[in-house]
Amino acid sequence: MLSTATGKVEAHLMSNGFNHLQVKEKYIFPPHQRPQMSEISHSYNIPVVDLKDLDGPHRERVVTEIKRACEEDGFFQILNHGVPETVMKSMMGIAKEFFEMPMEDKVCFYSENLSQVVRLSTSFNITKDKFLNWVDFLTQPCHPLEEFIHLWPHKPAAYREVAGKYAKDIRALVLRLLAVISEALGQDSDYLNKAFDKHRQVMNINYYPPCPNPDLTLRVAPHSDPSGITVLMQGDVSGLQVLKHGKWVAVEPIPNAFVVNLGDQLEVLSNGRFKSAEHRAITNTTTARVSIPTFYGPSLDAFISPAETMVDEEHPALYRGYRHEEFMGEFRNQGLSSKSILERFKI
Ligand SMILES: O=C(O)CCC(=O)C(=O)O
Ligand SMILES: [Fe+2]
């Protein structure tokens, strides 16, 4: 017999063993927002960048490839990124184990309050979302690690050790990427490192159960990330799609690769030169999917505005400056809604 609190949480979560057996009304998106599977493009692939030459004499070539990807797609996959396969596999394994634990072991993390620091929840904001997303997620800040790790789940027993190692390795990778992207913007390599001030790193674990009717609903509604950049481990189950010239393009999993996408802060800092691409995820009938995005960007007190060198008479500032906290507040209030938050900061 479940306690009342556990029973209430179980009624909301998708990963509880019964909520996903039918597509309930609140998960059914209006027809124009449904996936339209026949219209998904498989003929374009987002760029794949091999980072093996990043720290050698051919660095410039890698910078040029990433620059093109940032300008044209805002999305790319990376190989030879330095995060060991064992670290990736252990993280994916422990993430699955977390969601497979009995409800009693997870219920203490459940919250509908978006400001709870470590939080298990469902959809984006279950109290406000007009249509619910087919997802449960755990969200946890990771930087500085010592400040947050004691708030993370302690079950499964190895959770903090495995996720802590993963978070550290991802941060090291992101710092290398920030240097490259700064160079791609024609700036000093520590430009973004400085612009992000004290930095903010948040890891989500998304758990998407199979869905009896993928035509009706979405795992994640269209949105751009409010981060600086996002590094996503999408596992081996497809579902992620990116909007390119008005068409949804599948981002097919590549073993051991990460998907990198630029968030809204990079679009602002680059004064629109680099794009934060709109993306979404669709469901499937057979296989649960776990994806692990790390949202990396400025600390909440950082002041974000287009880089001075990106603004001149020919390229007037496209966005007003703001504290990152203001942007995140708008995002929390609005939820997943294409690129509408960024629009509000346009001049
Ligand atoms: O699950 C995915 O592939 C993408 C998830 C996503 O876009 C997000 O959590 O912001
Ligand atoms: Fe996203």
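Counting starts at 1 for both ligands and their atoms, following the listed order.
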Proximal atoms of ligand 1 relative to [X] (non-hydrogen, under 4.0 Å):
X: Leu232; value: 3 (O)
X: Phe295; value: 8 (C), 9 (O), 10 (O)
X: Pro293; value: 9 (O)
X: Arg289; value: 1 (O), 2 (C), 3 (O)
X: His279; value: 7 (O)
X: Asp225; value: 10 (O)

Among all protein non-hydrogen atoms, which one is nearest to [atom], and what is the separation to 0.1 Å?
atom: atom 9 (O) of ligand 1; answer: Asn206 ND2, 3.2 Å
atom: atom 1 (O) of ligand 1; answer: Tyr208 OH, 2.5 Å
atom: atom 4 (C) of ligand 1; answer: Leu240 CD1, 3.9 Å
atom: atom 10 (O) of ligand 1; answer: His223 NE2, 3.1 Å

Can you give the angle His279 NE2 - the Fe ion (ligand 2) - His223 NE2, rounded to 10°?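 Taking the Fe ion (ligand 2) as the apex, the two atoms subtend 90°.
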
Do the ring planes of Tyr296 and His199 sit parallel (below 30°), tilted (30 to 60°) or perpendicular (above 60°)?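 Answer is perpendicular, since the angle exceeds 60°.
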
Taking the side chain as every heavy atom from C-beta outward, state whether Ser276 and Asp225 have any pair of such atoms under 4.5 Å apart. no

Exactly one of Tyr208, Phe137, Tyr207, Tyr159 clears ring-ring contact (aromatic ring centres under 6.0 Å, His included) with Phe99, and that residue is Tyr207

Side chain, backbone, both or neither: which applies to Phe137 and ligand 1 if a contact is any heavy-atom pair less than 4.0 Å apart? neither

For the side chain of [X] and the backbone of [Y], is there at least one donor-acceptor N/O pair under 3.5 Å apart?
X: Arg200; Y: Leu300; value: no
X: Ser182; Y: Leu192; value: yes
X: Asn271; Y: Met310; value: yes

Can you tell me which residue among Arg332, Arg320, Arg344 is in a salt bridge (Lys or Arg N to Asp or Glu O under 4.0 Å) with Glu326?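 It is Arg320, the one option of Arg332, Arg320, Arg344 that forms the salt bridge (Lys or Arg N to Asp or Glu O under 4.0 Å) with Glu326.
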
With respect to the Fe ion (ligand 2), what is the nearest N, O or S atom of Asp225?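 Looking at Asp225, the N, O or S atom with the least distance to the Fe ion (ligand 2) is OD1.
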
Side-chain ion pair, Lys89 and Glu85, N-O less than 4.0 Å: yes

Are Glu65 and Arg68 ion-paired here, with the side-chain N under 4.0 Å from a carboxylate O?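 A salt bridge is absent here (no side-chain N lies under 4.0 Å from a carboxylate O).
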
